[in-house]
**Q** 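My questions will all concern the structure given below.
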Protein chains: 2
Amino acid sequence: MAIALIRKLEQFTRLSAEDKQVLTEITGRGRVFQPREDLVQEGDKPSQINVILSGWACRYKQLEDGRRSITGFMVPGDLCDQNIFILRQMDHSLGAITLVTVAEIPRAAFEELTLKHSRITQALWWATLVEIAIQREWTVNLGQRSAFERMAHLLCELYLRLQGVGLTRENSCEIPVTQAELADATGLTAVHVNRTLQDLRAVGLIALKGKTLTIPNLEALMQASLFNPNYLHLDREGRHLNANDINGVPSTIPGREAPL
Amino acid sequence: MAIALIRKLEQFTRLSAEDKQVLTEITGRGRVFQPREDLVQEGDKPSQINVILSGWACRYKQLEDGRRSITGFMVPGDLCDQNIFILRQMDHSLGAITLVTVAEIPRAAFEELTLKHSRITQALWWATLVEIAIQREWTVNLGQRSAFERMAHLLCELYLRLQGVGLTRENSCEIPVTQAELADATGLTAVHVNRTLQDLRAVGLIALKGKTLTIPNLEALMQASLFNPNYLHLDREGRHLNANDINGVPSTIPGREAPL
DNA sequence: CGCACGATTGATTAGGGTCAATAATGGTGG
DNA sequence: CCACCATTATTGACCCTAATCAATCGTGCG
């Protein structure tokens, strides 16, 4: 099921039924990873593109002395490392956080996809550029924001990303991550993550029951963390490419769009 | 003068005389920016590719309350934002640190370049992937390392990057950056940057006269900062594409390579 | 039911921040 | 060549955020 991927890419541009069909086919077989299992390890030779179909994973780097840094979270629809084949070996690892289903797209299949479907290719580029922008924003987050702002900012980002793939309802979403993992991602200790989350709850910016995060007032949370969503580039920037649009290359019969 | 760019790309693969010729032509006209002048501002519509020919620049983001985060340094040979055209607006700014000469490559010219010169295209991809890897490493640096390690790590990286484009001699290089800028890049205050640099000097890991950085023992500095150079992907990973190589597509007459 | 793992709490410490003043530097015009 | 000014670098005193260490409490699950 490539639903998340399709939803994600449609944040950039509208895809045709054929585009969706192709994406669905190419992500057909999902491989399952257990929590804490590595999808890819540092030092591996990149051999395929991974698309998260369900569950959460993360990119991380381990320092020699054991410190671990989570450099990014990967949620359903996220696609990693197009063009990575150019590199000889991975400089970081990808690890499953929850039970994860991953579509592994071989290099050849991916190259064929991008060769034949320019609208998808553009959308994949958009996804890659957003990923880079997120990485930059994490740099800002770690370098400039206080623990309180930093946690709030991360939660804003995750909420919006999940919303983009349809994984929120009302003001809530699932954040299936331990506080220790949040610590490795925010550069805080698990103890301080705990206290910071309590602070955020105390002022009513968030609510947590189990792994369910509720954000009663997203605007307020964004303001508290100096969150500017521009780096997620969510405003359908590729709408000029929309399938069936006058400027696009229509490849479907109007009315035959596949349901989402 | 595209010397730095060519040297940089040749860390990945050997280019043919024609490749070099094309790169030299496309980066011909250099535009000059004064220190502190912005090459590109947040909110701008991306309209061209920039290649740093000489001088230093940085990527930065400014928070609403004035805090500034430098998310990366750009040195001669660095090329920014291929494929950025897909996005509607910049989510960060590029600013000159020193006097900077920049080649501004229009979109069309860039696309023609990548269309016709696959070896260059691959090399540019390599450069982009390295840039992403650097951004990830900065995340690690800010999240996990102490001030001492962090500064040491940054200096290792800058030294190696400059070395890659021929801007080191002996154990020294120019780092034309103020301590305030180092502060914005490391997430420290200028005061603490100053103290940290003093600490690094005190233990003999670095020497500084003016803007000249000397690293008497790079191995030692790398060890002190848990620096693993693998993320820079410097081991000529695209050597199978080398011009004149049996696997490559020879496009020059042997012996007619342009001098570096 | 008991066992892990994750969350929470408390007490204490330390790494960096803040504020404020002073000393170098370097570029400029005369 | 020098005086002047604006940056930039350096130092000191003090403070505060977040780390550390060490229990204890919950809770999901076999």
Side-chain angles (χ1 to χ4, degrees), chain A residues 34-37 56 63 65-70 96-99 141-154 174-202 206-213 224-225, chain B residues 34-37 56 63 65-70 95-99 141-155 174-202 206-213 224-225:
Chain A
Q34 297 298 314
R36 291 159 189 277
E37 196 178 344
W56 282 47
L63 299 190
D65 65 0
R67 278 175 277 180
R68 184 177 73 145
S69 179
I70 290 179
I97 289 179
T98 64
L99 200 67
N141 209 25
L142 290 166
Q144 304 296 325
R145 279 185 262 258
S146 68
F148 186 89
E149 296 168 328
R150 209 181 291 179
M151 273 300 315
H153 192 280
L154 177 59
E174 298 298 306
I175 307 280
V177 166
T178 67
Q179 293 184 358
E181 285 158 342
L182 287 175
D184 287 344
T186 53
L188 303 169
T189 56
V191 170
H192 204 62
V193 165
N194 182 284
R195 289 177 171 138
T196 304
L197 288 173
Q198 286 180 50
D199 292 346
L200 284 164
R201 280 183 285 193
I206 65 169
L208 280 170
K209 345 182 203 10
K211 299 297 185 192
T212 303
L213 167 72
S225 57
Chain B
Q34 297 298 314
R36 294 162 185 276
E37 199 179 344
W56 282 48
L63 300 190
D65 65 0
R67 278 176 277 180
R68 184 177 75 145
S69 179
I70 289 179
I97 288 179
T98 64
L99 200 68
N141 210 24
L142 290 167
Q144 304 297 325
R145 281 186 260 258
S146 68
F148 186 89
E149 297 167 329
R150 212 182 288 178
M151 273 299 316
H153 192 280
L154 177 59
L155 295 179
E174 297 299 304
I175 307 281
V177 166
T178 67
Q179 292 182 0
E181 286 159 342
L182 287 175
D184 287 345
T186 53
L188 302 170
T189 58
V191 171
H192 204 62
V193 165
N194 182 284
R195 290 177 170 137
T196 304
L197 288 173
Q198 287 180 50
D199 292 345
L200 284 164
R201 280 183 283 193
I206 65 169
L208 279 171
K209 347 183 201 10
K211 299 297 185 193
T212 304
L213 167 71
S225 56

**Q** According to a strict under-4.0 Å criterion, is A/R67 in side-chain N/O contact with OP1 or OP2 of D/dA19?
**A**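 Indeed not, no polar side-chain atom of A/R67 lies that close.
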**Q** Which atoms form the tightest heavy-atom contact between A/L142 and A/T186, and what is the distance?
**A** CD2-O, 3.0 Å
**Q** Please examine the side chains of A/I206 and A/R201, heavy atoms only from C-beta on, and report whether any two atoms are closer than 4.5 Å.
**A**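 They are in side-chain contact.
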**Q** Can you tell me how far CZ of A/R150 sits from OG1 of A/T196, rounded to the nearest 0.5 angstrom?
**A** 9.0 Å
**Q** What's the CD-P distance between A/E181 and C/dA7, to the nearest Å?
**A** 9 Å
**Q** First locate atom CZ of A/R195, then atom CD of A/Q179, and finally report the distance between them rounded to the nearest 0.5 Å.
**A**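 That separation rounds to 11.0 Å.
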**Q** Between C/dC5 atom P and A/Q34 atom CD, what is the distance in whole Å?
**A**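 Distance check: A/Q34 CD to C/dC5 P gives 16 Å.
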**Q** Between atom CZ of A/R145 and atom OG of B/S69, what is the distance when rounded to the nearest 0.5 Å?
**A**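 Between A/R145 CZ and B/S69 OG, I get 8.5 Å after rounding to 0.5 Å.
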**Q** Does D/dA9 have OP1 or OP2 sitting under 4.0 Å from an N or O in the side chain of B/K211?
**A**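 B/K211 to D/dA9 OP1/OP2: side-chain N or O found under 4.0 Å.
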**Q** Which nucleotide in the set C/dA7, D/dT7, D/dT10 lies at the smallest distance from any side-chain heavy atom of B/Q179?
**A** D/dT10
**Q** Measure from NZ on A/K209 to P on C/dA7 and round the result to the nearest Å.
**A** 17 Å
**Q** Can a side-chain donor-acceptor contact be found between B/T212 and B/E174 if the only test is distance below 3.5 angstrom?
**A** yes
**Q** Can you tell if the side chain of A/R68 reaches within under 4.5 Å of the side chain of A/L63, non-hydrogen atoms only?
**A** no
**Q** So which of residues 183-199 of chain B are in contact with DNA chain C, with a heavy-atom cut-off of under 4.0 Å?
**A**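 B/G187, B/L188, B/T189, B/V191, B/H192, B/R195, in order of number.
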**Q** Measuring from A/N194:CG to A/D199:CG, what's the distance to the nearest 0.5 Å?
**A**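 Answer for the CG-CG pair, A/N194 versus A/D199, is 9.5 Å.
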**Q** For residues 142-150 of chain B, which residues have at least one heavy atom under 4.0 Å from DNA chain D?
**A**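 Correct list: empty, so none.
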